[in-house]
Amino acid sequence: MSQNPSQQSQQAVQTTGHVWDGDLQEFNNPLPTWWVYTFFATIIFAIGYWLIYPAWPIGNTYTRGFDTITYVDKAGQKVTSHWNTRALLMEDMNKATAFQKPFFDKVMATPYEQIAKDPELENFVMATGHSLFENNCASCHQTGGQGLVGHYPNLTDDDWLYGGHYAQIAYTITDGRHGYMPTFGEVLEPAQIDDLANYVASLSGIPADPAKVAAGKHLFHSDTAGCFYCHGEQATGRHVIGAPNLTDQIWLWADVPAHRTAQGKIEAIRKVIYNGVNKGVMPAWGDRLSPVDIKVLTFYVHNLGGGQ
Amino acid sequence: MNGEAVAAPQKRMPIFTRSVKGKFRRFKWGMLVLAYAVYFLLPWLPWAREGGPSQPILFDIPGRRFYVFDLVMYPQDVLWLAMLLFIAAVFLFFVTGLVGRAFCGYYCFQTLWTDFFIWIESKIQGERPARIRLHKQPWNAEKALKLGATHVAWLLLSFWTAFTFVVYYAPADQLLREFFIGTAPPAAYMTAGILTLATYLAAGFMREQICAFVCPYGRFQSVMYAPQTLAVHYDVRRGEGEKGRLVPRQGLKTLEERHAQGHGDCVDCGYCVQVCPAGIDIRDGLQYRCISCGLCIDACNQIMDSAGFPRGLIRYDSEENLARPVPAKPHVELRNFRVIGYGIALALMIGFLVYNIATHQPLAVVVNQVRQPLYTTLANGDVRDAYHIRITNSSRRDEVYAISAQGLPVGALQLAFHEVPIKTGRSVEVYAWVRLGPQQAAEISRFHFVVTPRSEPDKAWTGVARFFSAAGEADGDNE
């Protein structure tokens, strides 16, 4: 390379025979033979490929190739078409479904309590449940089911708005839920709301003004505010209508844990009473998920730690 | 494309080796039969195994299980593979330091397969002169038939070699059936195809070029030679004398006559060159192309015997010994700094590997803390953390594992299963929860999980786990 061309040409390098300006020549260094033959082989391979697989676009259509693929479509019909990756995917999906079927059949045939006693089946349900949960539920309830205070309930604790038994969880998933609490800002005086907030705070052991607590307690159980209709005489809530237990340490709508002072906590409760709640909507999944998916999800949610 | 190009790579000159008889040739056949018997027959040997394939060696890649006789290995045992590779490397260094490139000459698969290909070639096409004649003659029916038969035989051997490699990765009898009815996995066909081609090309065509230009071992083994290392040497002083080697003619037939006229013992018959699979002349001295297969020793000894001269003109000897005024009897020299070093490294690593396998835990446990959420506050103010405990039964029988915790108050640990039966080679994930009161949660930040195999309580696994709670979080909440 470092030699000048005329020197090299004296060493009998093959040239094309063209000479310009007396000494300017064109070398002919042919490609290695094996390389050339490999190149020809790839051309022959490509022609075979065109004949077998879809290849050339022609206007708004294309050559389809002679190879065919047969698969079962979603309607259960056998379809034969030219070879294509979409059909290949369908074929693979059908294979996977057929492979999973015995497992899902077993899940369907086994009561919840029995699944919980069979380590291998339980592992299968939890693994399947995890992906179902991530695909369908995690957008609200978060990836671990921990929810978000003020928006979506935590599924990992032991407090349930609508009950934590298998049947109740399955019902919640299938038919959805709609939690509602009326707005009290229009109905009650600000002082009354403050009394109620103090009373509700005291139920969970948050330090509150005793005078306001007493007034709030009276109001809670009176027909003026009527809190006890839904939350119950003991303020422990009612699963049938999703009224939360106000005596425990779990908060969904009022962001009590975020505040460190009693005053802040009571203020958070006061806001909820003032505004009410009309966003506790869980969509119904009965039409979107198969019965076995719902069963798997029910077990998964139950097993997040809070199941009863 | 007319004329000659200067820089064209040199075409390989085919080497037609002459066959030879002798102790090195016998040793090489012995090694070949042993290696082929192990390689080709092992996958077909039945091997009863509980809950695993009935094949002595099977590397189940999709299942991530590696069965080697009664040992079942898992991906986490990859350290053993590293140790084995280290042992193999140091063993190679050790042997090379003692007796040169013994691996290359007697055991390397390139040597073995080339050797067997040459044997096939000679059985079909005849001895060296016949093969040279066939190579030079123009194409006719005889040449086409003999060369065709040779290549068909080579391809068959190559294919069976490749297929045997594949059955180390899949159940042999099942794959054999599937392979020929066309339902084996594509990877099996591809691997078999590539290896068939590679074997055919490497042992049929490239042969000594692999050793000279492709293989790194052959080249770096030369730096492991010490002056005391035994290697295939031509005794130059004895062979050349003062006036060089010479073919025997009238008056130069006996040793006395030759020595009197200053000629060496080498009768320059060229037999040592004709038998060499690397195509070299050992009389040019130690060279990188020599794979030290010892065939030239056999050839020379045969000639020495027939001439009535003493054997050992070409022999295993060391540079140091040959340089002595009167060479002593060659011997394996262990007293060499490097050889001793390799030996110690070898012994240590073998000991470590054996110890490691012997004390192998019958279970593998991974505890994953659930981090979404890191902790959960319960209705009564208690704090609960969740854990996934994955237990793998790496023992050779079905086992029941008991799970418990150390460093936690009574009743704090909740488990999906307190005892879980796991089949050999399988894994099960057990969900665990630890529930502590607010006070305890503030005090306890770590504890231990204990997983005990029921039949081997002394092999219990203990691992540390952390407990998180709001009490452990930094103060920084906004008010």
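Here is how names work: the chains are called A, B, and so on, in the same order as the sequence lines, proteins then strands, and each is numbered from 1.
- Using modelled atom types and a 3.5 Å distance limit, the side chains of Gln372(B) and Gln146(A) yield a donor-acceptor pair.
- Around the NZ atom of Lys271(A), the shell of radius 6.0 Å holds no more than 12 heavy atoms that belong to other residues, nucleotides or ligands.
- If you take CG on Asp159(A) and OG1 on Thr377(B), they are separated by 12.0 Å, rounding to the nearest 0.5 Å.
- In this structure, chain B has a heavy atom under 4.5 Å from the backbone of Asp118(A), while its side chain stays farther away.
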* Asked: Between Glu120(A) and Lys423(B), does a side chain to side chain contact (heavy atoms under 4.5 Å, CB included) hold up when you go through it step by step?
  -> CA-CA 10 Å; Glu120(A) 289 197 5; Lys423(B) 293 195 180 78; 4.0 Å; yes
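- Other residues, nucleotides and ligands contribute at most 12 non-hydrogen atoms within 6.0 Å of the CZ atom of Arg64(B).
- Applying the ring pair (Phe, Tyr, Trp, His ring centres under 6.0 Å) rule to His165(A) yields no partners; only residues at least two apart in sequence or on another chain are considered.
- Atom CD of Gln308(A) sits in a crowded spot, with more than 12 heavy atoms from other residues, nucleotides or ligands closer than 6.0 Å.
- Options Pro119(A), Ala116(A), Gly145(A), Ser204(A) differ in how many heavy-atom pairs under 4.5 Å they form with chain B, and the most are formed by Pro119(A).
- Counting heavy-atom neighbours within 6.0 Å of Phe159(B) CZ, excluding the residue itself, gives a total above 12.
- Contact annotation: the side chain of Thr156(A) approaches that of Pro373(B) to within less than 4.5 Å [non-hydrogen atoms, C-beta and beyond].
- For Phe213(B), the CZ atom counts as densely surrounded, since its 6.0 Å shell holds more than 12 non-hydrogen atoms of other residues, nucleotides or ligands.
- Atom OH of Tyr189(B) has more than 12 neighbouring heavy atoms from other residues, nucleotides or ligands inside a 6.0 Å radius.
- Within a 6.0 Å radius of CD in Gln439(B), no more than 12 heavy atoms belonging to other residues, nucleotides or ligands are found.
- For chain A, the option among Ala416(B), Ala379(B), Pro421(B) with the highest count of heavy-atom pairs below 4.5 Å is Ala379(B).
- In this structure, the side chain of Asn123(A) does not engage the main chain of Val428(B) through any donor-acceptor pair within 3.5 Å.
- Remark: Glu122(A) CD to Phe417(B) CZ distance equals 4.0 Å, nearest 0.5 Å.
- To the nearest 0.5 Å, the span separating CG on Asp248(A) from CG on Asn380(B) amounts to 9.0 Å.
- No donor-acceptor pair under 3.5 Å is formed between the side chain of Arg384(B) and the backbone N or O of Asp158(A).
- Nearest heavy-atom pair, Trp433(B) versus Asn303(A), reported as atom, atom and distance to 0.1 Å: CZ2-O, 3.1 Å.
- Listed here is the closest heavy atom pair of Leu378(B) and Asp157(A): CD2-CA, 3.9 Å.
- The local environment of CZ in Arg49(B) is crowded, with over 12 non-hydrogen atoms from other residues, nucleotides or ligands closer than 6.0 Å.
- Residue Arg371(B): no heavy atom, backbone or side chain, is found under 4.5 Å from chain A.
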